[in-house]
Protein chains: 2
Amino acid sequence: MKTIEQFLESKNIRVTAMRLLIYKFLAEKQVAVTLSDIENAFEKADRTTLYRTIKTFEEKAIVHQIDDGTGINKYALCEKGCNCEIETDLHLHFHCNNCNETICLTEHKIPQIKVPDGFVSENVNLVVKGVCDKCSGQ
Amino acid sequence: MKTIEQFLESKNIRVTAMRLLIYKFLAEKQVAVTLSDIENAFEKADRTTLYRTIKTFEEKAIVHQIDDGTGINKYALCEKGCNCEIETDLHLHFHCNNCNETICLTEHKIPQIKVPDGFVSENVNLVVKGVCDKCSGQ
DNA sequence: TCAATAAATGCACTTCCATTGCATAGATAT
DNA sequence: ATATCTATGCAATGGAAGTGCATTTATTGA
């Protein structure tokens, strides 16, 4: 069982207080968050720091960016089952039109998509929109 | 064979010179375009007019908006095979990482996506990214 | 035909988010 | 201890979406 510090170091991310806080924040969230969400959670911190921290996490492949069609970038920690570096490992995201939350459905793999001759597929972005379990239960 | 004027009228869109020009511009494009693309094509026209024209076309279901993950909205004319009003008629889009163009693959339908219990799927957005036929041929 | 009405267009803003440059603080290594 | 590199904070920029209002253009009906 690694500590977060050890985990970050193993990914070549230098450990700072801010980065630990942001990591923990992401870890306890069950949904993808926007930069503003993080900003609101850490009002003392500068927006740029948060932005660059997320970008660092993204580069080091411990966070993936999600484009759920709201026009605002969202981010989520990569889980055990999620290997963002590996392009064939693509899961889908669910965006709730009611609560506006976006959830990684890590266990749901994206089916193989055929493209016409001459086209080379490198990446697939799949977002399902609708009503999430929490909202549909109301 | 309808004229464009007749077609627009049949969709309850009032015909204006500007709208005809924008329609023709979209029609001759084989790829999805951004508002800026349209802006550059019609430098004399105001951006707001172009924006609202596109929105009108979208409401009247002769144009569909595409979110290809670049963060910029793109638009394309609905073709014969494309019935955007019908939610089950979802085709996929291909975004070329090389030339940055986005193409509607109208004939490629999106497979049925299963979501977990409690989730209600209303809409699906699928974008495949890679290299398009033109760029891969180089 | 002309006035009254409604829709389309143009201009000026605003807002929101992403991103960058630069100066400073803090950590690392020699 | 100091030189060096990285992280952080502040300020500013830029791009795109969207809105309010005045004006022009088109439509309708008397």
Side-chain angles (χ1 to χ4, degrees), chain A residues 4-6 8-26 32-60 62-76 95 100 102 125, chain B residues 4-6 8-26 32-60 62-76 95 100 102 125:
Chain A
I4 298 177
E5 284 89 340
Q6 288 170 334
L8 291 180
E9 276 168 4
S10 76
K11 294 283 186 175
N12 282 312
I13 301 170
R14 285 163 93 151
V15 177
T16 68
M18 201 64 240
R19 287 175 175 178
L20 280 173
L21 286 171
I22 295 175
Y23 183 90
K24 284 174 189 163
F25 176 76
L26 291 170
V33 300
T34 65
L35 235 208
S36 298
D37 291 335
I38 307 177
E39 227 180 317
N40 294 335
F42 302 100
E43 296 194 348
K44 297 165 198 158
D46 186 78
R47 184 188 168 77
T48 314
T49 304
L50 305 175
Y51 173 76
R52 287 200 257 240
T53 299
I54 286 289
K55 289 295 166 192
T56 301
F57 284 1
E58 214 186 329
E59 278 166 23
K60 306 294 184 180
I62 69 168
V63 153
H64 63 267
Q65 190 181 38
I66 302 159
D67 169 27
D68 64 5
T70 57
I72 301 165
N73 290 337
K74 296 190 177 178
Y75 306 91
H95 176 74
N100 204 35
T102 299
N125 181 32
Chain B
I4 297 176
E5 283 89 340
Q6 288 169 335
L8 291 179
E9 277 168 3
S10 76
K11 293 282 185 175
N12 282 314
I13 300 170
R14 286 164 92 152
V15 177
T16 68
M18 201 64 241
R19 287 175 175 180
L20 280 173
L21 286 172
I22 295 174
Y23 184 91
K24 284 175 190 164
F25 176 76
L26 291 170
V33 299
T34 65
L35 237 207
S36 297
D37 291 336
I38 307 176
E39 226 181 316
N40 294 333
F42 302 99
E43 296 195 348
K44 297 163 199 159
D46 186 79
R47 217 177 52 80
T48 314
T49 303
L50 304 175
Y51 173 77
R52 288 201 254 241
T53 299
I54 287 290
K55 289 294 167 193
T56 301
F57 283 2
E58 215 186 330
E59 277 165 24
K60 305 294 184 179
I62 69 169
V63 153
H64 63 267
Q65 191 181 36
I66 302 159
D67 168 28
D68 64 4
T70 56
I72 302 165
N73 290 337
K74 296 191 176 178
Y75 306 92
H95 176 74
N100 204 34
T102 299
N125 182 30

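Reminder, nothing fancy here: chain letters follow the sequence lines and each chain counts from 1. Small disclaimer: the values here were computed from a predicted structure and weren't measured.
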Please give, in whole Å, the distance from C:dC16 C1' to A:Asp37 CG?
14 Å
Whole angstroms only, please: what is the CD-P distance between B:Glu39 and C:dG10?
12 Å
Do the two ring centres, one from A:Tyr75 and one from A:Phe57, sit under 6.0 Å apart?
no
So, do B:Ile22 and B:Thr49 sit near enough that their side-chain heavy atoms are less than 4.5 Å apart?
no
When the C1' atoms of the five terminal pairs at each end define the local axes, what inter-axis angle does the helix from C:dT1-D:dA30 to C:dT30-D:dA1 show, to 10 degrees?
20°
Do B:Leu8 and B:Ile62 come close enough that some side-chain heavy atom pair is under 4.5 Å?
yes
Are the side chains of B:Leu35 and B:Asn73 in touch, meaning some heavy atoms are under 4.5 Å apart?
no
Could you check how far NZ of A:Lys44 sits from C1' of D:dA7, rounded to whole Å?
19 Å
Using a 4.0 Å heavy-atom cut-off to protein, can you give one letter per nucleotide of nucleotides 19-30 of chain C, 5' to 3': B if the base is in contact, S if only the sugar-phosphate is, - if neither?
BBBB-----S--
Do B:Glu39 and B:Tyr51 make a side-chain contact, defined as non-hydrogen atoms from C-beta onward lying under 4.5 Å apart?
no
Looking at every strand, decide which applies to B:Ser36 at a 4.0 Å heavy-atom threshold: base, sugar-phosphate, or nothing.
sugar-phosphate
Report the distance from atom CG of B:Leu20 to atom P of C:dA8, rounded to the nearest whole Å.
13 Å
Would you say a side-chain N or O of A:Thr16 is under 4.0 Å from OP1 or OP2 of D:dT8?
yes
Just the rounded figure in Å: distance from P of D:dC10 to CG of A:Leu50.
12 Å
Given that B:Ile72 and A:Ala45 both sit by DNA chain D, which one's nearest nucleotide is further toward the 5' end?
A:Ala45
Select one nucleotide: of C:dG10, D:dC10, D:dA16, the one nearest the side-chain heavy atoms of B:Asp46.
C:dG10
Just how far, in rounded Å, is C1' of D:dT24 from CE of B:Met18?
15 Å
Starting at atom CG of A:Leu21, determine the distance to atom P of D:dA7, rounded to an integer number of angstrom.
16 Å
Whole-Å distance separating the CZ atom of A:Phe42 from the P atom of D:dG9
12 Å
